[in-house]
**Q** 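Let me begin by handing over the structure; questions about it come next.
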Amino acid sequence: MGRIVGGIGSSHAPSFGPVYDKGQQKDPMWAPLFDGYVPVRAWLEGLRPDLFIIVYNDHGNQFFFDAYPTFALGASEAYPQADEGWGKRDLPDMRGDPDFSWHLARSLVEDEFDPTICQEMSVDHGVMSFMPMLTDTRWPVPIVPFAVNVIQHPVPKARRLYKLGQAFRRAVESYPKDIRVVVFGTGGLSHQLQGTRFGFTDPNWDNEFLDRLETDPEPLAGLSHRDYMERGGTEGIEMINWLPMRAALGPAVRRIGRTYHAPMITGYGLLALEPA
Amino acid sequence: MGRIVGGIGSSHAPSFGPVYDKGQQKDPMWAPLFDGYVPVRAWLEGLRPDLFIIVYNDHGNQFFFDAYPTFALGASEAYPQADEGWGKRDLPDMRGDPDFSWHLARSLVEDEFDPTICQEMSVDHGVMSFMPMLTDTRWPVPIVPFAVNVIQHPVPKARRLYKLGQAFRRAVESYPKDIRVVVFGTGGLSHQLQGTRFGFTDPNWDNEFLDRLETDPEPLAGLSHRDYMERGGTEGIEMINWLPMRAALGPAVRRIGRTYHAPMITGYGLLALEPA
Amino acid sequence: MLDEISGAAVFTGERSRAGYRLNRMAMSLTDPANREAFVADETGYLRGIGLNDVEADLVRRRDWKGMIEAGGNIYLIIKIAGALGIALYEVGAHTAGMSLEQFMAQRKGR
Amino acid sequence: MLDEISGAAVFTGERSRAGYRLNRMAMSLTDPANREAFVADETGYLRGIGLNDVEADLVRRRDWKGMIEAGGNIYLIIKIAGALGIALYEVGAHTAGMSLEQFMAQRKGR
Ligand SMILES: [Fe+3]
Ligand SMILES: [Fe+3]
């Protein structure tokens, strides 16, 4: 049987790309954030993971409003990088694990989730931007990307995402192979990209979210979209992507690492947990 | 508030197209089936419906396995006919009702369904083949097509589709406008298009299904896919598309019409119900 | 996993993966221009759309049973038959290991 | 329906419907060849991809606020800006009713 051995929440941002590609992780503007990724990366490697499940959101690159999935589950052997409108970075395709993807599909459909299953799928900065901080860019660990609609309302409820994480755990534990799985959730933290509050961040809310996610996550599943967007900005609704990661770990966790930094117009955070 | 005023279950088949287009509904081979549609069509017109919700399945025409939705909800102003590989029939686009579609999307997502929402969508014989038997082909009543994956396993459970119908009812009843809605479910009945049982039909199972759907539908939601496919053929799994229609009507129904005929390699059926 | 029912392949994700190219080729035939190109030059069309030799050979030999075994989905495969003017009954009979004549004779017998 | 939060449009289905052509045009710019064609001949590109005059005018006037009001999604709209070499801060400031300079001054003040 499979086992969930860790969970990582991380912000993603287009700006992480140039930082990594130009080796600026130690620059004063970025070091307060990316210094925190260094020990988490070492811990992650030490976990000897066989698979990453990555809950993220696309930003109008893989999916368009002709057919917009609430949930899209990748079931491909490879996930190329999307060109988001400003060219691709020099990164290889990410590797998939279709056997696990189809097992996950069966388990989720049995649990009354209704994913769209994608055998061709590119991934954008929602996956590609922070992963180089956490693992070798030859991508030694295969991924199962799981895209959540957080941009075209109605978006799924926080509660639904919490239940999704619990369903991930059932899927992993019912897998016939002894694989070690790390679940990622990525998005946010607070930011707003348009309207009178353009540039809004709220470090208080972001840190409260990180606190509660670690120690008492279930009430976060009860917050409304209005709660998330008033406190974290309209685009801060992405924070709900972190809930499946936390729910998949089970009630008790141990904190491995945590960082927060808001140098621009987004609250950037990292939280690494393992089941206690 | 909206109201569900009727429910229709019908088979669909590519062969219905030529029958209608050549005016062969009265031919001895087809009359035993299509004679049954005549009074149902009159009843349907008398209901003065404002909207049809049509639960059907696509057959590799609108959706491909690059991104296959478990549930796809149409939210378009128009639904053109798909070319299925042998040319289109001379039929206009079907009309949509995006306002209701988006209301339905919000209501379903609130109820923890995860549809893919389609603002561009063609419909194949799953919708177009039987509708000319039931309404004018200038399509006076707008539709909301709802496509269910019944061809790439895992397909949703019968139970999930039953709950979907209950959710349709909540959506209709929470709509601010006083609209009169008829819910359709289409697929099957028994048939198997490949393998050693090619050509298999089972009129006993089909009629048992029609009986139970009318009078005691809930246990049909408890049957497994294996049950449906062993009794109704691998492609007979389409019969689960009838469950949302029945569940949307509520517990007590009155039968308006029912027909069954199996002249070829599919059990063809029609069942029209209204809330009692 | 539900993989077969009464002698028929259940079209699972695993089969969908195996038959991906074949099914994609079949779906391309929903475009009339592609149907014309396919009929005019089968071999060229199948190569151009990226089938491997084994898959192209299944199509050229009208091996409907083989296409299903290779992950073809019946709803897609019959688009290939349709473009070639071959009817569903012939395809279905072949997947059942029969000729069309055998199938029709057996049906009459029922 | 949740349509606005603290002075920002919530990108609802209704907005998605209204902005469909504009967003589709923006997404087309994920293809480098389309970016080139757009920059080389804006008016021709916008007409060719089916924008109406009002929509094309919003793009030509760099009216980012107007694009959002017309149903543009911010993640799509910034692809238009990207192709034109305009940065997110300028787009965002405009949607807030400010110039880039005003926005930066206000930020410093915080
Ligand atoms: Fe994001
Ligand atoms: Fe069908």
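Lettering follows sequence order; numbering is per chain, from 1. We use all heavy atoms of the structure for the numbers below, so side chains are in, but hydrogens, waters and symmetry mates are not.
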**Q** For the interface with chain A, which of Ile74(D), Leu29(D), Asn34(D) has the highest count of heavy-atom pairs at distances below 4.5 Å?
**A**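 Most heavy-atom pairs within the cutoff with chain A belong to Ile74(D).
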**Q** At a 4.5 Å cut-off on heavy atoms, which part of Arg24(D) comes close to chain A: side chain, backbone, both, or neither?
**A**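 For Arg24(D), heavy atoms of backbone and side chain both lie under 4.5 Å from chain A.
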**Q** Using a cut-off of under 4.5 Å on heavy-atom pairs, state which of Leu193(A), Ile237(A), Thr234(A) scores highest against chain D.
**A**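 Most heavy-atom pairs within the cutoff with chain D belong to Leu193(A).
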**Q** Test ring-ring contact (aromatic ring centres under 6.0 Å, His included) on Phe65(A) and Phe11(D) and set out the steps.
**A** CA-CA 11 Å; Phe65(A) 308 124; Phe11(D) 188 72; 5.0 Å; yes
**Q** Between Phe52(A) and Phe184(A), what is the ring plane arrangement, given parallel below 30°, perpendicular above 60°, and tilted in between?
**A**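 The rings of Phe52(A) and Phe184(A) stand perpendicular, inter-plane angle above 60°.
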**Q** Quick check on Ile78(D) against chain A: is it the side chain, the backbone, both or neither that has a heavy atom closer than 4.5 Å?
**A**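 For Ile78(D), the contact with chain A is made by backbone and side chain together.
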**Q** Which atoms of Tyr228(A) come close to chain D, meaning under 4.5 Å heavy atom to heavy atom: side chain ones, backbone ones, both, or neither?
**A**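 Contact with chain D involves no heavy atom of Tyr228(A) at all.
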**Q** If only atom types and distance count, is the side chain of Ser11(A) paired as donor or acceptor with the main-chain N or O of Gly188(A) below 3.5 Å?
**A**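 Yes: the side chain of Ser11(A) pairs with the backbone of Gly188(A).
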**Q** Taking only residues two or more places apart in sequence or in another chain, which ones pass side-chain hydrogen bond (donor to acceptor under 3.5 Å, both in side chains) with Gln102(D)?
**A**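 With neighbours one apart ignored, the set is Ser99(D).
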**Q** For the atom pair NE2 (His191(A)) and OH (Tyr268(A)), what is the distance rounded to the nearest 0.5 Å?
**A**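 Spacing of NE2 (His191(A)) from OH (Tyr268(A)) equals 8.5 Å.
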**Q** Using a cut-off of under 4.5 Å for heavy-atom pairs, which of Val91(D), Ile77(D), Ile68(D), Asn73(D) has the most such pairs with chain A?
**A**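 Result: the option with the highest number of such pairs is Asn73(D).
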**Q** Can you tell me which portion of Ile265(A) sits under 4.5 Å from chain D's heavy atoms? Options are side chain, backbone, both or neither.
**A**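 Both parts, backbone and side chain.
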**Q** What residue, out of Asn23(D), Thr12(D), Asp31(D), has the most heavy-atom pairs lying under 4.5 Å from chain A?
**A**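 Most heavy-atom pairs under 4.5 Å with chain A: Asn23(D).
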**Q** Should His225(A) and Val155(A) count as side-chain neighbours, where that means a heavy-atom distance under 4.5 Å?
**A**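 Yes, at least one pair of side-chain atoms sits under 4.5 Å.
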